[in-house]
Amino acid sequence: MHDDQHATIGDMTVVEDLFRKQGEAMQAMFSAFLPTAETPPPDPTDIQHWAMSAAKLQKMWLDFGAEQAGQMEPAMMRLLDPARWTGLFEGWFRTLPIARAETQAKLFEDSMALWNSVLAAYGGSALIAPTPAEKAPDLPHKDRRFADPKWREQPLFALLHQTYLLLADSINRMADEVEGLSPARHKQLKFATRVLTEALSPANFPLTNPVVIEKTLETRGENLVKGVEHLLADLRKGQLTHTDPHAFELGRNIAATPGKVVYESPLFQLIQYSPTTDTVLEVPLVIFPPWINRFYILDLNPKNSFIRWAVAQGISVFVVSWKSADAEMADLTWDDYILGQIEAIDHVRARLGVPAVHTIGYCVAGTTLAATLAMLARRGQADKVASATFFTAQVDFDDAGELKTFIDDQQIRLFESMTTDGFLDGRYIAATFNLLRSKDLIWNYVVNNYLLGQDYPAFDLLHWNGDTTNLPFKWQKAYLEDLYRDNRLIVPDAMVADGTPIDLRRIATPCYIQAGREDHIAPAESVWKLTRHLDGPWKFVLAGSGHIAGVVNPPEANKYQYWLNDGDPDSLAEFTANAREIKGSWWPDWLAWLTALDGAQVPAKGKRAPGGRGDRVIEDAPGRYVKTR
C-alpha cells in the first residue's frame with residue numbers, strides 16, 4: 001500500500017473518530033430525552049410543560065399563517081425575496097478561490113490540525129460529562145460571540161465554534177487577497193463575504209448554540225415561545241426590533257426639550273427651543289439634521305441632548321424636522337432640500353430680525369449645507385450665514401466608507417425595484433445600515449430576542465435607530481449616482497441646483513468641521529477632504545468614537561477625547577501626527593469657537609422665547625412631522 005493511501009486511511013480514521021465522539025457527546029447531552037432501559041421515566045409535569053410550549057408555538061405559527069395569507073407586510077416580502085439578492089451575491093463569490101483543490105487541501109489541513117489540538121486539550125476524549133467552566137481549556141480562536149463558558153465546556157461545541165472561526169477567518173482572508181478586481185468591486189466582495197460568514201455563525205441557530213439549548217431545557221421551551229412572539233411581531237411590522245417599543249414616547253422622555261414649532265412647509269417643520277438663560281447670543285443657531293433619520297438624535301434625553309446643552313449655553317436654537325416622504329413628495333430632488341435649508345435660514349432671520357445665522361449640518365444635511373453655502377455665495381448672499389458647522393459630513397465621496405458598497409448600477413436598480421409611489425420605505429434603509437454592522441445590529445438580537453427569548457432593553461439610541469423615515473427615490477437615486485458613484489460635487493460647476501452652478505471653492509464662511517475617528521459611514525479621511533475645497537477659515541476636530549457617539553458626547557459624560565492641531569496640516573495623516581489629545585467632549589471647544597466669532601448678547605424675551613404674548617406658533621415641540629410614518 002502506498003504512503004499516500006496510508007495517509008488517506010489515517011485521515012478518514014480521524015474523521016470517523018471525530019464524528020463518533022461528537023455523537024457520544026450529543027447522546028450525553030440529550031440523554032434525558034433519549035430513553036433507554038436504565039433511563040427513569042420522565043416527570044409528567046415536564047412532559048406537560050413541553051407539550052404546552054409546543055402547542056403554543058404551533059398555534060402562533062398557524063394563526064400567523066392565516067393572518068398573513070396573501071398579505072405579508074410588503075416591505076418584508078420585498079426584502080426577503082431571494083431573487084433580488086441572488087444576482088448581487090453570485091458574481092461576487094465566483095471570484096473567491098475556495099473551489100480550487102489547493103485551497104481546499106489547505107483548509108482541510110488547517111481544520112485537522114485545529115481538531116487535533118482542541119481534542120488534545122480535552123484529553124483526546126469527547127468527555128461524556130461536561131467540563132466545569134473553571135477547568136475548560138483555553139482555545140486558539142477568540143470571539144466575543146462565543147465568550148460564554150458553555151462554548152468551551154463541551155468538546156462538541158468547542159470544535160464547532162473553533163472550526164467556524166477558522167473557516168470564517170480563512171474565507172474573509174481570501175476575499176481580502178483577491179486580485180484583479182476594481183477597488184469598488186473588491187470592497188463589495190469583502191462586505192458580502194463578511195455578511196455571509198457572520199450569518200452562518202453557529203451562535204445563530206438553536207441546535208448549535210449551547211447557551212440556547214440550556215435555556216430551552218431550563219424553561220422547557222418557554223424561551224422559544226417568547227422568541228417566536230418577538231419574531232412574528234417583527235415580521236408583521238417588517239423591521240427588526242432592537243429596543244422595548246413601549247419604553248419611549250416623543251415629547252415625554254425622548255425629544256423632550258421644551259420648544260415650539262414656529263414654521264412649517266410641506267417639507268419640514270421648524271422648531272424653536274425655549275431659552276433657559278436670561279440672555280442669549282444675538283446670532284441664532286439653525287441645525288439641519290439628516291432627513292434619512294429623525295432629528296432627535298440630537299435630543300435623546302436630558303443627559304445627552306446636544307440641543308438642550310446648546311440652549312443652556314445661551315444660544316437661540318432652531319432645528320429643522322424633516323417630513324418622512326410619502327407619495328406627494330415623490331418628485332422632490334436635492335434642489336428642494338437645498339432650497340429648504342435656505343427657506344429655514346431666511347425664516348429665522350426674519351423672525352428674529354437678524355442679518356445672519358449660525359448653522360450646523362449633520363451627515364447628508366451637512367453635505368447639503370455645503371451646497372447651500374456655495375449657492376448663496378454664487379448668488380451674492382453668503383452673508384446670510386455667519387458660520388457653518390459640519391458633523392461627520394462628506395463632500396468628496398472618493399473614499400466614502402462602507403455605504404459605498406451599495407452604490408453601483410445593479411444595486412441602485414435593486415433599490416428602485418423596492419420603491420412604492422415614488423418613495424423608498426425607510427425600513428430598507430434601516431436594514432442597509434444594520435447590515436453594515438450585522439454582528440451587532442442583527443445577529444446579536446436574533447440570538448437574544450428570538451432564541452433566548454429575552455426582553456428588549458429600554459435604550460433611547462436604539463429606539464431612534466429603529467424610528468425610520470421614508471426617502472423620495474428621485475432624490476435618493478440622483479444623490480447616490482451624482483455624489484457616491486460619480487463624485488461630482490467636488491467638480492466646480494458640475495452640479496446645478498435651482499439654476500445655480502455649485503462651486504465649493506466659493507465658500508468663504510467660517511467653518512468648524514468635526515469627524516469621528518472610528519466612523520464607518522463618513523470616514524474621517526473623507527470628512528477631512530472638505531477642508532481642501534474651502535476658501536475661508538476653517539477648524540478641524542477629530543473626535544473619538546464614530547458616526548453617532550463621536551457627535552453625541554456631552555461634557556458631563558466625561559467620555560472619549562478629541563484631537564486638535566494648531567498648525568496648518570495638508571492631510572489627515574499630518575493632522576494626527578502632530579495633534580494634541582484632549583480628554584472629554586469637544587462641545588466646549590465648538591462653543592468657544594462660535595462665541596469668538598460673535599459674542600454679542602441680547603435679552604431672551606420677545607420672539608426669542610417662542611409662544612409668548614402675541615407670538616403665534618403652530619404646536620409644541622417635537623411637532624407632528626417627527627411622528628409621521
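Residue numbers run from 1 in the order of the sequence given. Values in this document were obtained by computation on a predicted structure and should not be read as measured data.
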Side chains of [X] and [Y] only: does a donor on one sit below 3.5 Å from an acceptor on the other?
| X | Y | value |
| --- | --- | --- |
| Thr197 | Asn172 | yes |
| Tyr450 | Asp234 | yes |
| Asp399 | Ser526 | no |

Could you walk me through whether Val212 and Leu452 pass the side-chain contact (heavy atoms from CB on, under 4.5 Å) check? CA-CA 6 Å; Val212 175; Leu452 294 174; 3.8 Å; yes
So, Phe423 versus Trp291, ring centres under 6.0 angstrom or not? no
Look only at the side chain of [X] and the backbone of [Y], and say whether a donor-acceptor pair between them is shorter than 3.5 Å.
| X | Y | answer |
| --- | --- | --- |
| Asn553 | Lys559 | yes |
| Thr243 | His463 | no |
| Arg294 | Thr468 | yes |
| Asp519 | Ala524 | no |
| His186 | Glu179 | no |

Which heavy atom of [X] sits nearest a heavy atom of [Y], and at what distance?
| X | Y | answer |
| --- | --- | --- |
| Gln394 | Tyr484 | NE2-OH, 3.9 Å |
| Phe295 | Pro289 | CB-CG, 3.4 Å |
| Asp425 | Arg427 | OD2-NH2, 2.6 Å |
| Ala522 | Val527 | O-CG2, 3.6 Å |
| Gly361 | Ala393 | O-CB, 4.5 Å |
| Thr241 | Tyr456 | O-CE2, 3.4 Å |

Could you walk me through whether Lys529 and Val395 pass the side-chain contact (heavy atoms from CB on, under 4.5 Å) check? CA-CA 7 Å; Lys529 293 178 180 179; Val395 297; 5.7 Å; no
Quick check: do [X] and [Y] have side-chain heavy atoms less than 4.5 Å from each other?
| X | Y | result |
| --- | --- | --- |
| Tyr445 | His242 | yes |
| Phe157 | Ile213 | yes |
| Trp464 | Ile548 | yes |
| Asp482 | Trp334 | no |
| Thr469 | Trp322 | no |
| Phe191 | Leu436 | yes |
| Ile490 | Asp398 | no |
| Val447 | Asn204 | yes |

May I have the step-by-step check of side-chain contact (heavy atoms from CB on, under 4.5 Å) for Arg532 and Asp570, ending in yes or no? CA-CA 8 Å; Arg532 307 297 91 186; Asp570 290 325; 4.0 Å; yes
For salt bridge (Lys or Arg N to Asp or Glu O under 4.0 Å), just list the numbers for Arg488 and Asp486, CA-CA rounded to whole Å, side-chain angles, deciding distance to a tenth of an Å, and then say yes or no. CA-CA 6 Å; Arg488 297 178 61 205; Asp486 300 336; 5.7 Å; no
For Glu214, look at atom CD and say whether over 12 heavy atoms of other residues, nucleotides or ligands are found less than 6.0 Å away.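 For Glu214, atom CD is not crowded (no more than 12 foreign heavy atoms under 6.0 Å).
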Does NZ or CZ of Arg517 fall inside the cone over Trp563's six-membered ring, less than 6.0 Å from its centre and within 45° of the axis? yes
Take Asn209 and Lys215, measure what side-chain contact (heavy atoms from CB on, under 4.5 Å) needs, and give me the verdict at the end. CA-CA 10 Å; Asn209 187 326; Lys215 185 73 171 179; over 6 Å; no
To the closest 0.5 Å, what do you measure between [atom1] ([X]) and [atom2] ([Y])?
| X | Y | atom1 | atom2 | value |
| --- | --- | --- | --- | --- |
| Met495 | Leu483 | CE | CG | 5.0 Å |
| Thr368 | Tyr479 | OG1 | OH | 5.5 Å |
| Lys439 | Arg194 | NZ | CZ | 8.5 Å |
| Leu480 | Phe473 | CG | CZ | 7.5 Å |
| His230 | Asn449 | NE2 | CG | 6.0 Å |
| Leu160 | Leu207 | CG | CG | 11.0 Å |

Asp396, Leu542, Leu572, Thr576 screened by side-chain contact (heavy atoms from CB on, under 4.5 Å) with Trp528, the one that passes: Leu572
Applying the side-chain contact (heavy atoms from CB on, under 4.5 Å) test to Phe146, which of Gln162, Arg152, His161 qualifies? His161
